[in-house]
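Right, one structure below, let's go through it.
Each chain gets a letter, A, B and so on, in the order the sequences are listed, and its residues count up from 1.
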Protein chains: 4
Amino acid sequence: MDLTGVYPPIATPFDGQGEVDPRAIRSNVGRWLESGVRGIVALGSNGEAPLLDEGESDAVIAAAREAVPSDRLLLAGTGRESTRATIDASRRAAALGADAVLVRTPSYFKPRMTTSALVSHYTAVAEAVPVPVLLYNYPAVTGLTLSADAVGRLARHPNIIGIKETSTDAAQIAAFVDATRDESFAVLAGSAPGFYAALCLGARGAILAAACVVPRACVALLDAFRRGDHDTARDLQRRMIPIAAAVTSGYGVPGLKLAMDIAGYQGGQPRSPLEPAPPGASEVIRAAFSAIEDHR
Amino acid sequence: MDLTGVYPPIATPFDGQGEVDPRAIRSNVGRWLESGVRGIVALGSNGEAPLLDEGESDAVIAAAREAVPSDRLLLAGTGRESTRATIDASRRAAALGADAVLVRTPSYFKPRMTTSALVSHYTAVAEAVPVPVLLYNYPAVTGLTLSADAVGRLARHPNIIGIKETSTDAAQIAAFVDATRDESFAVLAGSAPGFYAALCLGARGAILAAACVVPRACVALLDAFRRGDHDTARDLQRRMIPIAAAVTSGYGVPGLKLAMDIAGYQGGQPRSPLEPAPPGASEVIRAAFSAIEDHR
Amino acid sequence: MDLTGVYPPIATPFDGQGEVDPRAIRSNVGRWLESGVRGIVALGSNGEAPLLDEGESDAVIAAAREAVPSDRLLLAGTGRESTRATIDASRRAAALGADAVLVRTPSYFKPRMTTSALVSHYTAVAEAVPVPVLLYNYPAVTGLTLSADAVGRLARHPNIIGIKETSTDAAQIAAFVDATRDESFAVLAGSAPGFYAALCLGARGAILAAACVVPRACVALLDAFRRGDHDTARDLQRRMIPIAAAVTSGYGVPGLKLAMDIAGYQGGQPRSPLEPAPPGASEVIRAAFSAIEDHR
Amino acid sequence: MDLTGVYPPIATPFDGQGEVDPRAIRSNVGRWLESGVRGIVALGSNGEAPLLDEGESDAVIAAAREAVPSDRLLLAGTGRESTRATIDASRRAAALGADAVLVRTPSYFKPRMTTSALVSHYTAVAEAVPVPVLLYNYPAVTGLTLSADAVGRLARHPNIIGIKETSTDAAQIAAFVDATRDESFAVLAGSAPGFYAALCLGARGAILAAACVVPRACVALLDAFRRGDHDTARDLQRRMIPIAAAVTSGYGVPGLKLAMDIAGYQGGQPRSPLEPAPPGASEVIRAAFSAIEDHR
């Protein structure tokens, strides 16, 4: 499976009663796919996955699959705190048509999540699930980080094919690339402000909230890099930062959904305890869009 | 509801197939109650709650309720990341007989978990649930902390009756006590090494992993403090540290279960990705028990 | 040397040209001593010690000594990053009349500051200096913490007589007390919000910024505790928090100096890069004073 | 002043009596300069600057200047906690021949080190010192970070010409480059594992502990990058990591000095409280050298 490409981690729109809206998912996905992305990620953090129950999670995957043709990839977030719940969610995702699963590090018992425990966890998942597995490292949320040693060992498993690294630490991204260079394994960037640097270091693509609102800019950046045009890639990187910041560190998922509304997607309100983006966010987001207007 | 007292946050024993073992729960609870504790907490961190599914969670509460007579308290951990899942779990817990629910701060989207968002979340839960609500602040796991301002505001809600504060920060515990002094509201310590200090500052009791293995020592400490015997309380505090550390920072839940096995309870193995306590843990735990042997 | 008591860590007033003002130091010290404090600490963090050169440091100690009679204690902060500079500064302080020296953990090379390195450092200082040594643990500034093991080992040295612990972590304070209970060794609290709890745990006194502005309240708290009047001690603790917070976490040293001005001491401006307290600080400080007015 | 290039932050060798050894400094510097570096940095963290007194600091600069010809650059670390001590040290460094000064952020009073305070501090230094000033951001040591806003504002001062950024955060490095793109201002990497990524993002060079032991590899990496040979640069980056890690995160300054000894420089023992590198470090260092042997 060639993971090279850009993937929007899709937001989960809710209807007026606060229920998952499959129609809006299909509509959004259809439009994202027009921008040249390689596929999408359903049920990532930006999809408010931790706020959905198991049935809703399945509904999101099913709706996404309807909109993703077979030549594009549907990745599904299926990480849970227990190994068995992760396996169960991953199997269901595979049955619903996910091409691969993206499994966040369990973290509740973080002092116990040693390299040994994490390697055992991911190995058990990879053994039990009929589709390939991607690791997902997100230190800012989980408070722990996969070691390069763990990633190197897991990359040798034939059913573990990549990692999303959400930090922008160049040393860490390089270490993951270096630890897996003898394997067929893709490192994907997880933060727009580190996207270009990650590509330089050997990443093959990215899963970026920014790709939900400026997918063409993200694709253009990757294309420029792949044809050796560093200047264009770096310039796009710079101009992408304001909108990328607005929909992540700035206003979070509520900001992402607002930016989607502004950009003509169906975003809507987040689920509680998330609160809607504050007054004034619209203006900031519109200004941020303007820096990258030519690539929306 | 008078919360004054000691509460073991009960471990969840699994049977040979890795399934929740209700019989073992009832057996353990029966023995804990003989030690003079005020009640128990089911589905706390030490109960591996994040590793159980919704059906298992209900089964734990049901089993515990069978073993807890009506003059003792059954508190149930029902925190989820979304407000609606928290309400749903809390209502089910109440229906299964929980006397009150203990709701951990949602934390996945931590930069968005402002005082405003947390006050709204807890208020919505308190309004929707037929039993009283306790807040649960656990910064080491969640990466966020409830502000004294938030606690003070929430304490004014008639259905929010207390907080478990897991840190040992005397300034924070004092701030919570001071912010709620005009209300009927109980601060409960959540870490054995800070138990005595918390009592001095105005806490009414504690929810302690140590109370799963040395409940009599914990009860004796509280009794000594309540009769004004600071020296005895402080001495018990000191002697309790080694075993308390072994079953928390030292070996975590796997260590707690091992210590329970050693002490004659039914602990058993943790659920993956937690790994069993390492070789050598038994000796450390036995040595730690010896420092408080007279109060087991 | 009986360290039991309260110590203001004195601010260093500067004159109109920004130079150390010995006259103002003497004046302030004289007034502090009227309040019943056991002594003072010169050249602590609140004394802007890191902003003074070696000659200025000596001048502060000399001025303080003139104002501290022989039945009160003059402690001098003499920690430097290198062992030899620490020894040199400590010897000079002793020669200038300091009764003991307070030595902050070196921290620039924090990953190298193992228990072994810190024990060697403090032992070398204790061996070389003619007056007793107090350890000084200040994790919020240094980014490292002395382990209870290190403190326990160092307490066995006859020339190491105590520690100032600046955190409010009850578990840590208890661990230091417990690790040194067989020695003649005093744990002193370093933060007002943790003062009362520290006393309960076995601390003998405190070095508190708050003691620069409400010394009588601090002394009264200690006296109440020592006569077994926990209620009064706890009440004073609670009422002391607002002013203590204003002169530390709230506005820092600039706020301390402003509060001193308001209270009739000679505070003045801090040295750059510290900036004067912001507009509005005066009002906050005056309001905070009112909560503890009867003990100023 | 064209800062483009590689700079070893030179270690400070001590003689048998523990005193600064000017002869060894000159010898080392002479050899480093043969490798093609643009200049050197005296009195950085790796020079144990925080462990030297003012007179020793001057002696190091004087010795270095003797060995650095006028067509190479001598940068001197002159950051102190107070603005006036920083100005004083910087003026002395200029008088002793430093071409520019490198000023670490003051950090002791970190909660007060707002963008406003830091901009004022650096502006005052830049105004008062006759040579250009470089900012020095080292969050792992100082516990604070310069904001891109602060760097952007300071870059507009004609006497502030660059920054050493020690973190490997690609987002931060990019933000510094982007915030200063309209100015004549050089961002220099400060960590070998982030060197290549920093160059991609627009950095002009680096100040690297690794350059004290594998200067030719560092220069070759920069040269490869500048001629557009990303593959060679990235390969050198990868092979440089083991030795770079050994002399920084692995064994710190003691390891750097040991590696210098192994590589034929004069390293020697660190000053207390730093302890010599532990047994076994030699073997690790020798193995790390072998990965980059062809570029030593």
Side-chain angles (χ1 to χ4, degrees), chain A residues 139-140 145 147-149 152 165-182 187 189-203 206 208 210 221 224-242 244-245 248-250 291, chain D residues 139-140 145 147-149 152 165-182 187 189-203 206 208 210 221 224-242 244-245 248-250 291:
Chain A
T145 196
S147 65
D149 175 48
E165 167 55 38
T166 306
S167 89
T168 54
D169 183 345
Q172 171 121 318
I173 294 166
F176 288 172
V177 171
D178 291 346
T180 61
R181 58 200 287 265
D182 297 331
V187 174
S191 289
F195 183 17
Y196 166 68
L199 292 173
C200 293
L201 293 166
L208 303 173
L221 194 164
F225 176 82
R226 297 191 72 200
R227 67 176 181 265
D229 183 355
H230 281 262
D231 288 349
T232 296
R234 180 69 178 85
D235 182 63
L236 282 164
Q237 166 78 80
R238 179 179 60 80
R239 293 161 54 206
M240 183 185 296
I241 301 292
T248 54
S249 55
Chain D
T145 197
S147 64
D149 175 47
E165 167 55 37
T166 306
S167 89
T168 54
D169 183 346
Q172 171 122 318
I173 294 167
F176 288 172
V177 170
D178 292 345
T180 60
R181 58 200 289 264
D182 296 331
V187 174
S191 289
F195 183 18
Y196 165 68
L199 292 174
C200 294
L201 293 167
L208 304 172
L221 194 164
F225 177 82
R226 296 190 73 201
R227 68 175 180 264
D229 183 355
H230 281 264
D231 288 349
T232 297
R234 181 68 179 84
D235 182 64
L236 282 164
Q237 167 77 83
R238 179 179 59 80
R239 293 161 57 207
M240 183 185 296
I241 301 293
T248 54
S249 55

Mind ranking Ile241(A), Asp169(A), Val177(A) by heavy-atom pairs under 4.5 Å with chain D and telling me who comes out on top?
-> Asp169(A)
Not counting sequence neighbours, which residues clear side-chain hydrogen bond (donor to acceptor under 3.5 Å, both in side chains) with Ser147(D)? List them please.
-> Thr115(D)
Name, in order of residue number, those residues of residues 225-235 of chain D that have a heavy atom at a distance of less than 4.5 Å from a heavy atom in chain A; otherwise write 'none'.
-> His230(D), Arg234(D)
All side-chain contact (heavy atoms from CB on, under 4.5 Å) counterparts of Thr166(D), not counting sequence neighbours = Tyr136(D), Tyr138(D), Lys164(D), Ser191(D)
Taken to the nearest 0.5 Å, the spacing of Cys200(D) SG from Leu199(A) CG works out to 10.0 Å
Within residues 190-203 of chain D or reaching into it, pairs that qualify as salt bridge (charged side-chain N to carboxylate O under 4.0 Å, His left out) - sequence neighbours excluded | none
